[in-house]
Amino acid sequence: MTLDLAGDVVSAARDMIGWTLLVDGVGGVVVETEAYRQDDPASHSYSGMTARNEVMFGPAGRFYVYRSYGIHWCVNIVCCPPGEGAAVLIRAFEPTHGIETMRARRGRDDLASGPGKVGQALAAGPHLNGLAAELLPAGAPRRVVATPRIGITRAVDKPWRFLDADSPFVSRRPRVSA
DNA sequence: CAGTGGATGCTCT
DNA sequence: GAGCATCCACTGT
């Protein structure tokens with residue numbers, strides 16, 4: 001299994017399933033991702049570089065962290081050639097490292113089955129924005145399925161959400177669509 | 001189960 | 001001032 005962070009962001013989102021994401025030794029195996037690219041109305045980078053999304057236009061492999069709904073911190077990894085403004089949203093992972101730490105941060109046993117939960121489990125925040133991400137190579141190959149992305153209102157038809165087809169640790173939130 | 005709505009703050013129009 | 005790449009508690013079947 002190879003993962004080319006500096007290549008096509010949709011391929012990177014798919015290939016990232018099964019890799020282990022760690023922040024200060026805490027994290028787990030990525031089981032759900034979404035790709036966002038600049039020519040994509042749903043992407044923060046769609047309208048060009050701003051103070052918030054600046055990191056998306058930098059080198060691949062760094063965290064892009066943003067505040068969601070005023071409450072949550074969502075964790076992305078910049079994936080594209082420099083200047084393109086694309087990133088992969090980490091939507092869920094299977095907890096493997098620092099489970100007790102994450103349980104304490106979350107206050108419940110559902111640790112990382114959704115982007116807001118991922119942010120809380122990893123204690124993500126502005127301090128993480130722009131830092132290099134730590135990803136450990138995947139073990140056994142996984143069955144990956146693609147679906148439309150969740151929780152967005154534009155470009156809802158793009159099948160750029162990727163999940164481990166056999167993992168119980170993915171988010172189950174139904175997609176709101178017409 | 002499914003569906004609804006509140007919390008909460010920042011970005012861009 | 002509107003609109004979010006969300007989560008959780010609560011309601012009614």
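The figures that follow rest on heavy atoms only: side chains count, while hydrogens, waters and symmetry mates do not. In what follows, chains carry the letters A, B, and so on, assigned in the order in which the sequence lines appear, proteins first and then strands, with residues in each chain numbered from 1.
Take A/Tyr66 and apply the ring-ring contact (aromatic ring centres under 6.0 Å, His included) test, not counting sequence neighbours, and it matches A/His44, A/Tyr64. Considering only residues two or more places apart in sequence or on other chains, A/Glu32 meets the side chain to side chain donor-acceptor pair (under 3.5 Å) condition with A/Arg91, A/Arg161, A/Ser171. The salt bridge (charged side-chain N to carboxylate O under 4.0 Å, His left out) search around A/Arg108 returns none, not counting sequence neighbours. Remark: A/Pro59 engages A/Arg62 in a side chain to side chain contact (heavy atoms under 4.5 Å, CB included) (not counting sequence neighbours).
Distance A/Arg91 CZ to C/dC7 C1': 12 Å, rounded to the nearest Å. Between the C1' atom of C/dG3 and the OH atom of A/Tyr66 lies a distance of 13 Å, rounded to the nearest Å. In this structure, the CG atom of A/Asn76 is 14 Å from the C1' atom of C/dT6, given to the nearest Å.
A heavy-atom distance below 4.5 Å is found between the side chains of A/Leu21 and A/Phe63. Under the 4.5 Å side-chain criterion, counting only non-hydrogen atoms from C-beta, A/Phe57 is in contact with A/Ser45.
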Which atom pairs, one a donor and one an acceptor, fall under 3.5 Å between side chains of residues 117-134 of chain A and the rest of the protein, sequence neighbours left out?
residue, atom, partner, partner atom, Å
A/Lys117, NZ, A/Asp110, OD2, 2.6
A/Lys117, NZ, A/Ser113, OG, 3.1
A/Gln120, OE1, A/Arg106, NH1, 2.7
A/Gln120, NE2, A/Arg105, O, 3.1
A/His127, NE2, A/Ala123, O, 3.4
A/Asn129, OD1, A/Val65, N, 2.9

Which donor-acceptor pairs under 3.5 Å do the side chains of residues 7-17 of chain A make with protein atoms, sequence neighbours left out?
residue, atom, partner, partner atom, Å
A/Asp8, OD2, A/Val10, N, 3.3
A/Asp8, OD2, A/Ser11, N, 2.9
A/Asp8, OD2, A/Ser11, OG, 3.0

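Residues A/Ile152 and A/Trp73 fall into different hydrophobic clusters, defined by Ile, Leu, Val, Met, Phe, Trp and Tyr side chains chained together at heavy-atom separations under 4.5 Å.
Between C/dA5 and B/dG3, the two P atoms lie 22 Å apart (nearest whole Å).
Atom SG of A/Cys74 is separated from atom OH of A/Tyr69 by 9.5 Å, given to the nearest 0.5 angstrom.
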Nucleotide-resolved protein contact map, nucleotides 2-7 of chain B, B/S/- at heavy-atom distance under 4.0 Å:
-----B

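Within residues 105-117 of chain A, no residue is approached by DNA chain B to less than 4.0 Å at the level of any non-hydrogen atom.
Residues A/Val118 and A/Thr153 each lie close to DNA chain C; by heavy-atom proximity, the contact nearer the 5' end of the strand is made by A/Thr153. Nearest-nucleotide assignment on DNA chain C puts the 5′-proximal partner with A/Arg154, out of A/Arg154 and A/Gln120.
Through chains of ILVMFWY side-chain contacts below 4.5 Å, A/Leu136 is grouped with A/Leu22. Residues A/Val31, A/Val145, A/Phe169, A/Val170 make up the rest of the hydrophobic cluster containing A/Leu163, defined by ILVMFWY side-chain heavy atoms closer than 4.5 Å, directly or through other members.
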Taking only Watson-Crick and G-U wobble pairs with both distances under 3.5 Å, what dot-bracket line describes DNA chain B, where [ ] shows pairs that cross earlier ones and | shows pairs with another strand?
|||||||.||||.

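A donor-acceptor pair under 3.5 Å is absent between the side-chain atoms of A/Arg142 and the main chain of A/Asp164, judged by distance alone.
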Identify all pairs in which a protein N or O lies below 3.5 Å from an N or O of nucleotides 11-13 of chain B, and state each distance.
residue, atom, partner, partner atom, Å
B/dC12, OP1, A/Thr50, OG1, 2.4

